[in-house]
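Here's the structure we're looking at; comments come further down.
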Amino acid sequence: MLPELNDRVKTAAKTIEKAMLDMHADDLGIHVNTLISTVAAITAEAALRATIPEGELYSKRGVIFSGQVNGIICEEKGGNILDYILFTGKKVGLSEHKFPNIDDIFRAAVIGIDKNQLPVLSIPMEHRPNFWAMAGAAYARDKILEIYRRNRLSSGEAVLAMTLVLCRILTVTKDTLAPEIAFRLALETLIGVAKLHPIAVEDFEQMAQQ
């Protein structure tokens, strides 16, 4: 269950939101799809940190199967990430029949593992992010972890802070990107990234050179 909201979490969320906006801004503005994807990936990483020892999480590579992570995302009673996203969907007017099917996304993620393809995105190509979500999370990691430390957030509070940021961005961008696309992108990224150990910047750069 996610912890209670407090001033430290609120402050951290505001700081993270600004950092994410700054990171994604260029001369053309902000590519909303990439912003949502990166924030969803960082939220997934926060959920992983809440259940897997940090040394083990960042020192290994490959697939993670964790019921505890699934609990934080959508199964724990009394407050999980999906509860907040569902509430936000209603707030922006996303009808129930247009809200992504979570079971389908989990099934697609398992298939994606076999194909070495995570996260699995079903949205049209023109709505895909400009760069891989896990790379965005890797480049933002040091700054985000420092914000957690500065605000003395527990691992659960870090998940809550990132969830608030994700929901805030889904809300303020509702007139820029259709909510049915934005929410699908967020959830497919969140669930897919939560199936893998976080990638290091060095690993990504090495992969890009291959």
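The first residue of the sequence shown is numbered 1, and numbering continues consecutively from there. Everything numeric here is computed off the predicted structure, so don't read it as measured data.
Under the 4.5 Å side-chain criterion, counting only non-hydrogen atoms from C-beta, Ile105 is in contact with Pro100. Using a 4.5 Å heavy-atom cutoff, the side chains of Ile36 and Phe183 are not in contact. Put simply, the side chain of Pro129 reaches to within 4.5 Å of the side chain of Leu185, judged on heavy atoms. Between Glu17 and Met20, every side-chain heavy-atom pair lies at or beyond the 4.5 Å cut-off. Residues Arg184 and Glu180 fail the side-chain proximity criterion, which asks for heavy atoms closer than 4.5 Å. In this structure, Ile113 and Lys195 have side chains that are in contact, with non-hydrogen atoms separated by less than 4.5 Å. In this structure, Phe106 and Cys74 have side chains that are in contact, with non-hydrogen atoms separated by less than 4.5 Å. Using a 4.5 Å heavy-atom threshold, the side chains of Val165 and Thr43 count as separate.
The heavy-atom pair separating Leu48 from Val193 by the smallest distance is CD1-O, 4.0 Å. Annotation for Ala161 and Ala13: closest pair O-CB, 3.8 Å, computed over non-hydrogen atoms.
For Pro124, the side-chain contact (heavy atoms from CB on, under 4.5 Å) partners two or more places apart in sequence, or in a different chain, are Glu126, His127. A search for salt bridge (charged side-chain N to carboxylate O under 4.0 Å, His left out) contacts involving Asp22 returns Lys18, not counting sequence neighbours. Not counting sequence neighbours, the partners of Arg8 by the side-chain contact (heavy atoms from CB on, under 4.5 Å) test are Asn6, Arg152, Leu153, Glu157. Taking Arg149 as the reference, Glu146 meet the salt bridge (charged side-chain N to carboxylate O under 4.0 Å, His left out) condition, with sequence neighbours excluded. For Gln117, there are no side-chain hydrogen bond (donor to acceptor under 3.5 Å, both in side chains) partners two or more places apart in sequence or in a different chain.
Neither Val159 nor Phe87 shares a network with the other; the hydrophobic side chains, linked directly or stepwise wherever heavy atoms of I, L, V, M, F, W or Y lie under 4.5 Å apart, form separate groups for each. Residues Leu170 and Leu5 share a single hydrophobic cluster, defined by chaining ILVMFWY side chains whose heavy atoms lie under 4.5 Å apart.
The only option from Val120, Leu118, Leu121 that meets the side-chain contact (heavy atoms from CB on, under 4.5 Å) definition with Glu188 turns out to be Leu121.
When only modelled atom types and interatomic distance are considered, His24 and Thr34 share no side-chain donor-acceptor pair under 3.5 Å.
Residue pairs meeting the salt bridge (Lys or Arg N to Asp or Glu O under 4.0 Å) criterion with at least one member in residues 34-45, sequence neighbours excluded: Glu45-Arg141.
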